[in-house]
Amino acid sequence: MIEIKSGDETVQTPVIDASVHIFVESNKDLRQNFMHEPFRSRGFPDYEMDWYGAPGGEYAKGTKGPDGQYPGSDVDVVAKHLFTDRGVDIAVLHPMTRGIMPDRHLGTAIASAHNDMMVSRWLEHDEFGERFRGTIRVDPDDISGALREIDKYKDHPRVVQIGIPLQSRELYGKPQFWPLWEAAVSAGLPVAAHIEVGAGIAFPPTPSGKARTYEQYLSFMSLNYIYHLLNMIAEGVFEKFDGLKFVWADGAGDMLTPFMWRMDCFGRPHLEQTPWAPKMPSDYLPGHVYFVQGAFDGPGDVEFAGEWFGFTGKQNMTMFGSSYPHWNLAELKVPSAFSAEQRDNFCWRNAAELYGINVPAVPAGLIAQ
């Protein structure tokens, strides 16, 4: 629980951090402790092989382990930063894997190793396990392997979602992914699409190919969700799988409104071309689509920020996520024009309802002493 400025008042609010990135301590740690042959000795990209390293360093200072372990890999360090220093109540973990591999079986082996690491070291940690929730990673190019991972962890009480790469080789509305979405609905788990580290063989991060600089990459990459989301709506995915919940976990939620306005505009006279998706495109958003935001990408802290947040129902879809331990890890800041309901939805309520997390709620508007 933290104190934040809300208008002219300081209020207390619970906090669910819906995007905390965790890593293995080193490549040696991954191979020796969580992988088996024939995959342990296979070649695959290092975390750092993403081609777009941040100019000032990829990770925030002080996030390495006490013996120089990879940032975001030491439970005690992460717990101190999140729970003690930042006032987070519950952290939703996203293990960072390596994107889409040329060998789908290798991709599943890497995902499985990270799942094992997350569950054994984090979710079942003696001191802090109760304050973590987990995302199991699967390879969407290996449906049978993905289904095995879901079946393995779907009943773990602290596993709350399934994770896939945002950058893929096909749009996620395509029928080859439908068994994965069906399994997610059956397991009662949302699916989160998140940018990966370590360059795999996915399509370029922009529709015009590879970006030249980190700034271009960071600006365009999150918009991959637009291609996926609009395709999923047009292909009838949310009509077919009414219980499917999809989390776009890398920001750019503010781009939803203009793109959905555009899709509704063009979709209205052409619904007969998609009889498998008979509703207006925007009607498929409530209860199906969610976003994780750190800093808001929209108009900023202006007098109409609350009105903008209400457009297209974003106030019921958006959750706070810090992206710890990356360099741009976000401090929780709420525009002063947000209503108490909008503030609580963003800070904790949307995440609590999506993931089934019990958080000791503070009545809206409670003034900090």
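Note that the coordinates shown come from a computational prediction; the quantities given were computed from them, not determined experimentally.
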Colleague: P66: what forms a side-chain contact (heavy atoms from CB on, under 4.5 Å) with it, not counting sequence neighbours?
Modeller: Q69, D74, V77

Colleague: Would you call the rings of F311 and W308 parallel, tilted or perpendicular, where under 30° means parallel and over 60° means perpendicular?
Modeller: perpendicular

Colleague: When you compare the side chain of P165 with that of P140, does any pair of heavy atoms fall below 4.5 Å?
Modeller: yes

Colleague: What distance do S73 atom OG and L30 atom CG have between them, rounded to the nearest 0.5 Å?
Modeller: 12.0 Å

Colleague: Calculate, to the nearest 0.5 Å, the distance between atoms CG and CD1 belonging to D103 and I100 respectively.
Modeller: 12.0 Å

Colleague: Does the plane of the ring in F83 sit parallel, tilted or perpendicular to the ring in F132? Use 30° and 60° as the thresholds.
Modeller: tilted

Colleague: Just so I know, are the side chains of E25 and Y70 near enough to count as touching, which here means a heavy-atom distance under 4.5 Å?
Modeller: no

Colleague: Would the distance check show the side chain of N345 and the main-chain N or O of Q315 forming a donor-acceptor pair, the cut-off being under 3.5 Å?
Modeller: yes

Colleague: Closer than 3.5 angstrom, by distance alone: can the side chain of D89 be matched with the main-chain N or O of M1 as a donor-acceptor pair?
Modeller: yes

Colleague: For atom CD of E130, decide whether the heavy atoms of other residues, nucleotides or ligands shown that lie under 6.0 angstrom number more than 12.
Modeller: no

Colleague: Looking at every heavy atom in both P179 and L147, which two are closest together, and how far apart are they?
Modeller: O-CD2, 3.9 Å

Colleague: How about Y284 and F246: are their ring centres within less than 6.0 Å of each other?
Modeller: no

Colleague: In chain order, what residues pass the salt bridge (Lys or Arg N to Asp or Glu O under 4.0 Å) check against D250, with sequence neighbours excluded?
Modeller: none

Colleague: Begin with the C-alpha distance, continue with both residues' side-chain angles, and end with the deciding distance and a verdict on side-chain hydrogen bond (donor to acceptor under 3.5 Å, both in side chains) for S19 and D17.
Modeller: CA-CA 6 Å; S19 187; D17 189 334; 5.7 Å; no

Colleague: Name all residues meeting the side-chain hydrogen bond (donor to acceptor under 3.5 Å, both in side chains) criterion together with K152; count only those two or more places apart in sequence or in a different chain, and write none if there are none.
Modeller: none

Colleague: Please check if the number of heavy atoms outside E182 that lie under 6.0 Å from its CD is greater than 12.
Modeller: no

Colleague: Would you compute the distance between atom OH of Y225 and atom CG of L166 and round it to the nearest 0.5 angstrom?
Modeller: 10.5 Å

Colleague: List the steps, then state whether side-chain hydrogen bond (donor to acceptor under 3.5 Å, both in side chains) holds for E149 with S112.
Modeller: CA-CA 7 Å; E149 287 298 296; S112 180; 3.2 Å; yes

Colleague: Closest heavy-atom contact between I233 and A277?
Modeller: O-CB, 3.5 Å

Colleague: Considering non-hydrogen atoms only, spot the tightest contact between P14 and W348 and give its length.
Modeller: O-CD1, 3.4 Å

Colleague: With salt bridge (charged side-chain N to carboxylate O under 4.0 Å, His left out) as the rule and sequence neighbours excluded, what pairs involving residues 192-211 come up?
Modeller: R137-E196

Colleague: Can you name the residues that form a side-chain contact (heavy atoms from CB on, under 4.5 Å) with Y227, not counting sequence neighbours?
Modeller: L171, P207, N224

Colleague: Taking all atoms of both residues into account, what is the closest heavy-atom pair of G236 and W276, and its distance?
Modeller: N-CD1, 3.7 Å

Colleague: Y214 versus P55: any side-chain heavy-atom pair under 4.5 Å?
Modeller: yes

Colleague: Sequence neighbours excluded, which residues qualify as salt bridge (Lys or Arg N to Asp or Glu O under 4.0 Å) partners of R40?
Modeller: none

Colleague: Answer yes if the ring centres of H125 and F128 are under 6.0 angstrom apart, and no otherwise.
Modeller: yes

Colleague: Is there a side-chain contact (heavy atoms from CB on, under 4.5 Å) between V138 and T108? Walk through the geometry before answering.
Modeller: CA-CA 6 Å; V138 302; T108 290; over 6 Å; no

Colleague: Which heavy atom in G287 sits nearest to a heavy atom in K245, and how many Å separate them?
Modeller: O-NZ, 3.1 Å

Colleague: When rounded to the nearest 0.5 angstrom, what distance separates CG in L229 from CZ in F259?
Modeller: 10.5 Å

Colleague: Salt bridge (Lys or Arg N to Asp or Glu O under 4.0 Å) with R133: which residues, sequence neighbours excluded?
Modeller: none

Colleague: In Å, rounded to the nearest 0.5 Å, how long is the span from CE of M118 to NE2 of H94?
Modeller: 10.0 Å

Colleague: Got a sec, which residues hit side-chain contact (heavy atoms from CB on, under 4.5 Å) with D151, two or more places apart in sequence or on another chain?
Modeller: K154

Colleague: Considering only residues two or more places apart or on different chains, which pairs with a residue in residues 308-336 satisfy salt bridge (charged side-chain N to carboxylate O under 4.0 Å, His left out)?
Modeller: R86-E331

Colleague: I would like to know whether W178 and K240 meet side-chain contact (heavy atoms from CB on, under 4.5 Å); could you show each step before the answer?
Modeller: CA-CA 9 Å; W178 291 2; K240 184 176 181 64; 3.6 Å; yes

Colleague: CG of L285 to OH of Y290: how many Å apart, nearest 0.5 Å?
Modeller: 11.0 Å

Colleague: So do the side chains of P190 and I162 get within less than 4.5 Å of each other, counting heavy atoms only?
Modeller: no

Colleague: Q32: what forms a side-chain contact (heavy atoms from CB on, under 4.5 Å) with it, not counting sequence neighbours?
Modeller: K28

Colleague: With no hydrogens and no angle check, is any side-chain donor or acceptor of D344 less than 3.5 Å from a backbone partner on R349?
Modeller: no

Colleague: Going by salt bridge (charged side-chain N to carboxylate O under 4.0 Å, His left out), name the pairs with one or both residues in residues 163-177, residues two or more places apart or in two chains.
Modeller: D141-R169, E170-K174

Colleague: Checking N350 against N316 for the side-chain hydrogen bond (donor to acceptor under 3.5 Å, both in side chains) test, could you report, in this order, the C-alpha distance in whole Å, the side-chain angles of both residues, the deciding distance, and whether it holds?
Modeller: CA-CA 6 Å; N350 288 341; N316 299 317; 5.6 Å; no

Colleague: List the steps, then state whether side-chain contact (heavy atoms from CB on, under 4.5 Å) holds for V334 with F320.
Modeller: CA-CA 10 Å; V334 178; F320 170 71; over 6 Å; no

Colleague: When you measure from the side chain of Q342 to the backbone N and O of G306, does any donor-acceptor pair fall under 3.5 Å?
Modeller: yes

Colleague: Let me see the working for Y324 and H81 under ring-ring contact (aromatic ring centres under 6.0 Å, His included), right down to the final yes or no.
Modeller: CA-CA 9 Å; Y324 180 95; H81 287 163; 5.7 Å; yes

Colleague: Any pair with a residue in residues 219-236 that passes salt bridge (charged side-chain N to carboxylate O under 4.0 Å, His left out), sequence neighbours left out, goes on the list, sorted by first then second residue, please.
Modeller: none

Colleague: Please find the pair of heavy atoms, one from L93 and one from T135, that lie closest to each other, and give the distance.
Modeller: O-OG1, 2.8 Å

Colleague: Look only at the side chain of T63 and the backbone of A60, and say whether a donor-acceptor pair between them is shorter than 3.5 Å.
Modeller: yes

Colleague: Tell me if the CD atom of E37 is crowded by more than 12 foreign heavy atoms within 6.0 Å.
Modeller: yes

Colleague: Using the ring of F44 (Phe, Tyr or Trp, six-membered ring only), decide whether R31 places NZ or CZ under 6.0 Å from its centre and within 45 degrees of its axis.
Modeller: yes

Colleague: Check the angle between the aromatic planes of Y172 and H228 and answer parallel, tilted or perpendicular using the 30° and 60° thresholds.
Modeller: parallel

Colleague: Could you tell me whether D126 atom CG has more than 12 heavy atoms of other residues or ligands within 6.0 Å of it?
Modeller: no

Colleague: Answer yes if the ring centres of H326 and Y59 are under 6.0 angstrom apart, and no otherwise.
Modeller: yes

Colleague: May I ask you to check if R98 and Y47 form a cation-pi contact, with NZ or CZ under 6.0 angstrom from the six-membered ring centre and within 45° of the axis?
Modeller: yes

